[in-house]
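The structure appears below as structure tokens.
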Amino acid sequence: MVLESLHFSRDGGLEVLDQLQVPQKKTYIRVKDSQDAWTVVRNMQVRGAPLLAMVSALGLAVEALERAKAKREGAAEWLRERMSFLKTSRPTAVNLFNTMDALGKVVEDAVASGRNDQQIYHAYADAAEQMLEEDVKANKAIGDAGADAILAAMKAAGRDGAARVMTICNTGALATAGWGTALGVLRTLHARGKLERAYCLETRPYNQGARLTAFELVEDGLPGTLICDSMAAALMQRCGLDACIVGADRVVANGDSANKIGTYSLAVLSRHHGVPFYVAAPLTTLDVNLKHGSEIPIEERPDEELCSLKVEGVSHRVAAPGIGVWNPAFDVTPASLISGIVTDCGLIPKRSQDFDVAAFVPEKKRKVNGQ
Ligand SMILES: CSC[C@H]1O[C@H](OP(=O)(O)O)[C@H](O)[C@@H]1O
């Protein structure tokens, strides 16, 4: 059983796994309020689009419950200000914004129904806690839909065996509340006896693949092979693949998808080698307010993160001092290179060169996402 990314309870509060220390150390750190939540997300001690949204929401829930106990007034105004603050930690993963907007609606509904301060604090905390269960359920649904899609594509290509699948970054239990999105599809294939091998890219410069995905594959006994990002093309050329499946930080109205830097090159390689390329994401990752991938804000991380290797939280500089650095944390894959977008509500139907995401988001889910 993989380490859990977080532990939350009303009495015990919130603890998160410090992912900067994985796999050498498995250290849980306490998140006592919204400031702590913002800091662990900004530092990438906690990362992964769904997980960073949940940790932000739950860190604020811990603080809200403390204020309820102390009978502090001004609940709605305080929660609005704290949610706005939490939105400033990282700009690309839309899950953070969708989650804060959905929780903001919970607060506004409580105010509109005449709830007092204590009730408003508790309404917020109840909704934040419920997101944990919903996330794992969504990931299991993504797992089934993704595994069905990959096996159907293999059958159409005349292959009935187990799947050889490549993935980038970490999209497993350490990027979510459990099971994972793209890595959740690999877990489902394995559970069905249909995973021949998972090839995980080390995912420079943060090494989510080498440190986190490799850790999850080994811990859960999935057949995994680690490769350098630069080896992906040669592996497709020499060994053959049945699919690539990746996560997402934001999928916009036409299906263009932002994900970890290196994903776009994987999509181009997949197209060149005739490998189906899938994006796996819960509905909280969809953003129909943006029409095209060029509108997605791309986070740039500190130069030091590219120039150094961090082991157990300690940085060792590798790059020559004084060199200029460009360090975008994400890139955007155009919908035309994506074979399918796998969600917890099934696959988004593909048009000739893109997807109609807005038509897909069911009315009820659209409301939850604040769209
Ligand atoms: C479950 S999708 C997680 C998504 O987030 C990762 O980015 P980061 O590690 O910088 O938070 C990566 O893009 C993954 O695909």
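Whatever order the structure lists ligands and atoms in, that order sets their numbers, starting from 1.
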ask   = Arg47 to ligand 1: N or O pair under 3.5 Å?
value = yes
message = Need the ligand 1 atom indices (1-based, order shown) with element for anything under 4.0 Å from a heavy-atom of Gly247.
response = 15 (O)
Whether Ala93 lies under 4.0 Å from ligand 1, heavy atom = no
request  = Would you mind running through ligand 1 and noting each atom that sits below 4.0 Å from a heavy atom of Met44?
outcome  = 10 (O)
request  = Please report the shortest heavy-atom distance between Met154 and Gly161, naming the atom on each side.
outcome  = CE-O, 3.4 Å
task = List the closest protein heavy-atom neighbour of atom 12 (C) of ligand 1: residue, atom name, distance to the nearest 0.1 Å.
result = Cys169 SG, 3.4 Å
request  = Output, in order, the C-alpha distance, side-chain angles, deciding distance and verdict of side chain to side chain donor-acceptor pair (under 3.5 Å) for Glu300 and Trp326.
outcome  = CA-CA 8 Å; Glu300 301 239 349; Trp326 184 53; 3.3 Å; yes
note = Numbered in order shown, the ligand 1 atoms found under 4.0 Å of a heavy atom of Pro50 are 1 (C)
query = Should the proximity of Tyr206 to ligand 1, defined as any heavy atom under 4.0 Å, be assigned to the side chain, the backbone, both, or neither?
reply = neither
ask   = For the residue pair Asp331 and Gly262, what are the closest heavy atoms and their distance?
value = OD2-N, 2.8 Å
ask   = Do Arg90 and ligand 1 have an N or O pair less than 3.5 Å apart?
value = yes
inquiry  = Can you report which non-hydrogen protein atom sits closest to atom 1 (C) of ligand 1, along with the distance?
reply    = Thr181 OG1, 3.3 Å
ask   = Do any N or O atoms from the side chain of Asp344 and from the backbone of Ile142 form a donor-acceptor pair under 3.5 angstrom?
value = no
key: Nearest-contact summary for atom 3 (C) of ligand 1 - protein heavy atom, Å   = Ala49 N, 3.5 Å
Atoms in ligand 1 with a heavy atom of Gln208 nearer than 4.0 Å = 8 (P), 9 (O), 10 (O)
task = Answer whether the closest heavy-atom distance between the side chains of Thr333 and Phe277 falls below 4.5 Å.
result = yes
ask   = Is the closest N or O pair between Gly48 and ligand 1 shorter than 3.5 Å?
value = yes
task = Tell me whether Leu189 is reachable from Val342 by hopping between hydrophobic residues (I, L, V, M, F, W, Y) whose side-chain heavy atoms are closer than 4.5 Å.
result = yes
ask   = Counting N and O atoms only, with roles assigned by atom type, does the side chain of Asp242 sit under 3.5 Å from a partner on the main chain of Val165, one being a donor and the other an acceptor?
value = no
key: Nearest neighbour of atom 4 (C) of ligand 1 from the list Asp135, Thr213, Thr285, Asp249, on a heavy-atom basis   = Asp249
task = Do me a favour and list the nearest non-hydrogen protein atom to atom 2 (S) of ligand 1 with residue, atom name and distance?
result = Ala248 O, 3.8 Å
remark   = among protein heavy atoms, the one nearest atom 15 (O) of ligand 1 is Asn259 OD1, 2.5 Å
query = At a 4.0 Å threshold, what atoms of ligand 1 neighbour a non-hydrogen atom of Lys260?
reply = 7 (O), 8 (P), 10 (O), 12 (C), 13 (O)
request  = Considering non-hydrogen atoms only, spot the tightest contact between Gln118 and Lys71 and give its length.
outcome  = NE2-CA, 3.1 Å
query = Can you get from Trp179 to Leu174 by hopping between Ile, Leu, Val, Met, Phe, Trp and Tyr side chains that sit under 4.5 Å apart?
reply = no
request  = Please work out which of the three classes, parallel, tilted or perpendicular, describes the rings of Tyr28 and His7, given edges at 30° and 60°.
outcome  = parallel
